[in-house]
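In this chain, residues are counted from 1 in sequence order.
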Amino acid sequence: MTSLRPLIFLLAGVLGLAGCSVHQPVSLYQLDSGSPAQPAQSSGMAVLLGPVIVADYLQRETLLQRQPDGSLQASVDGRWAGSLSSDIDQLLLRQVAGHLDSQRVVLAPATVGFTPDVQVLLTITRLDSGQSQPAILDAQWRLIDRRGQVRDNRIVHLQEQHAGTTAAQVQAQGVLLQRLAEQLSVALKPLANQPPVAEAPRKPAAKPAAPAAEAEKQPKIPMASPIRTDMEVFRF
């Protein structure tokens with residue numbers, strides 16, 4: 001019986017450590033949207049923001065940590081509170097609307113009847129950081145005007161230092177997205193006063209031709225006329 005006591009104590013210790021690891025608290029994080037200005041103009045510039053495409057490796061709740069060798073590892077003490085893509089959309093929407101002072105900034109897909117002055121096609125290929133690695137944002141945008149022409153195409157690389165904690169990293173990533181929205185708004189403003197797109201004039205419907213006119217167009221066949229002679233014909 002005495003030989004079983006060390007084994008019992010060992011199992012109790014292992015189970016206690018396992019219980020501690022299971023109940024280890026995990027913090028939930030959201031991107032920092034900053035303090036964007038509240039847009040006042042209800043008739044400001046109309047912007048369709050999106051589609052916003054986010055890299056596949058960011059489509060998860062796990063908060064990833066960039067390692068010195070360039071690899072990514074899941075954070076053990078934090079994860080995203082919800083959809084990272086949704087957080088990015090809402091942050092950019094509020095920031096761009098505030099910079100443009102316009103209530104007419106909407107996320108794609110647009111509702112029926114909304115005609116944007118500009119559509120923003122945005123792709124985010126990188127947004128991450130690490131305990132000893134700075135926060136980095138790589139993105140590309142294209143601006144499409146009313147006529148469907150590309151008015152601006154830009155590749156953006158932004159970097160932000162932080163204090164190293166998970167909370168500081170998330171804050172730095174939010175700052176990068178705020179800077180992206182500011183640069184995007186600067187590129188959008190010159191496209192606010194576009195001339196309206198002129199509609200092509202409609203051709204009037206062709207009127208049916210009058211019957212007399214159609215008759216004149218048809219080729220005329222000469223009529224045979226009787227030939228008169230001085231001879232008389234008698235019938236009995």
Side-chain angles (χ1 to χ4, degrees), residues 9-39 49-99 105-109 120-141 155-185:
F9 288 136
L10 179 61
L11 290 174
V14 171
L15 292 175
L17 291 175
C20 293
S21 62
V22 170
H23 296 288
Q24 183 179 0
V26 177
S27 300
L28 303 180
Y29 294 94
Q30 285 184 310
L31 292 169
D32 183 9
S33 299
S35 301
Q38 180 66 26
L49 184 58
V52 179
I53 300 175
V54 179
D56 290 340
Y57 81 96
L58 296 172
Q59 304 286 348
R60 62 188 69 201
E61 293 183 357
T62 306
L63 201 159
L64 300 176
Q65 297 282 282
R66 180 73 64 174
Q67 304 301 309
D69 61 357
S71 63
L72 291 167
Q73 292 185 7
S75 174
V76 296
D77 62 347
R79 62 184 179 88
W80 296 111
S83 169
L84 178 59
S85 297
S86 179
D87 278 358
I88 292 174
D89 289 346
Q90 294 299 323
L91 188 155
L92 294 174
L93 174 68
R94 290 181 172 86
Q95 285 286 331
V96 171
H99 285 296
V105 180
V106 301
L107 291 170
V120 180
L121 305 180
L122 180 63
T123 302
I124 296 177
T125 56
R126 179 176 177 181
L127 179 64
D128 56 60
S129 57
Q131 185 175 2
S132 58
Q133 304 297 315
I136 293 179
L137 169 64
D138 289 333
Q140 180 181 13
W141 75 59
I155 298 175
V156 181
H157 175 82
L158 301 174
Q159 185 169 314
E160 182 75 13
Q161 298 294 334
H162 54 79
T165 64
T166 304
Q169 293 179 49
V170 173
Q171 184 177 14
Q173 293 180 23
V175 169
L176 290 180
L177 288 167
Q178 295 173 36
R179 289 167 55 188
L180 174 66
E182 182 179 4
Q183 293 186 16
L184 177 59
S185 301

Show me the donor-acceptor pairs, under 3.5 Å and distance only, between side chains in residues 132-139 and residues at least two apart or in other chains.
residue	atom	partner	partner atom	Å
Asp138	OD1	His157	ND1	2.5

* To do: Please tell me if the side chains of Asp128 and Leu64 come closer than 4.5 Å, counting only heavy atoms from C-beta onward.
  => no
* Contact check, side chains of Gln65 and Gln169, non-hydrogen atoms, under 4.5 Å -> yes
* Step by step, would you call Leu84 with Leu63 a side chain to side chain contact (heavy atoms under 4.5 Å, CB included)? -> CA-CA 9 Å; Leu84 178 59; Leu63 201 159; over 6 Å; no
* So do Leu177 and Leu158 actually touch side chain to side chain, heavy atoms under 4.5 Å? -> no
* Asked: Nearest heavy-atom pair of Pro36 and Ser33: which atoms, and what distance?
  -> CD-O, 3.5 Å
* Looking just at side-chain N and O atoms, do Thr125 and Gln140 make a donor-acceptor pair shorter than 3.5 Å? -> no
* **Atom pair CD1 (Ile88) and CD1 (Ile124), whose distance is rounded to the nearest 0.5 Å** => 4.5 Å
* Structure fact -> For Leu92 and Leu122 the tightest heavy-atom approach is CD1-CD2, 3.5 Å
* To do: Answer yes or no: is there a side-chain heavy-atom contact under 4.5 Å between Leu121 and Thr123?
  => no
* **Sequence neighbours excluded - salt bridge (charged side-chain N to carboxylate O under 4.0 Å, His left out) pairs with any residue from residues 53-65** => Glu61-Arg79
* Distance in Å, Gln159 CD paired with Ser129 OG, rounded so as to fall on 0.5 Å steps -> 11.0 Å
* **Nearest non-hydrogen partners of Val96 and Leu184, listed with the distance** => CG2-CD2, 4.2 Å
* To do: Give the minimum heavy-atom separation between Gln178 and Gly34, together with the two atoms involved.
  => NE2-N, 3.3 Å
* Which atoms form the tightest heavy-atom contact between Pro39 and Ala97, and what is the distance? -> CB-O, 3.5 Å
* **For the student: nearest non-hydrogen atoms of Tyr29 and Thr166, plus distance** => CE1-CG2, 3.5 Å
* Asked: Looking only at atom types and distance, does a side-chain atom of His162 sit under 3.5 Å from a main-chain N or O of Gln131, one as donor and one as acceptor?
  -> no
* Are Arg94 and Gln90 linked by a side-chain donor-acceptor pair shorter than 3.5 Å? -> yes
* **Of Val170, Asp87, Leu91, the residue whose pairing with Gln30 passes side-chain contact (heavy atoms from CB on, under 4.5 Å)** => Asp87
* Gln67 side chain reached by Leu72 side chain, heavy atoms, under 4.5 Å -> no
* Report yes if the side chains of Gln95 and Glu182 come closer than 4.5 Å at any heavy-atom pair, otherwise no. => no
* To do: Would you kindly say whether Gln59 and Ser85 are connected by a side-chain donor-acceptor distance under 3.5 Å?
  => yes
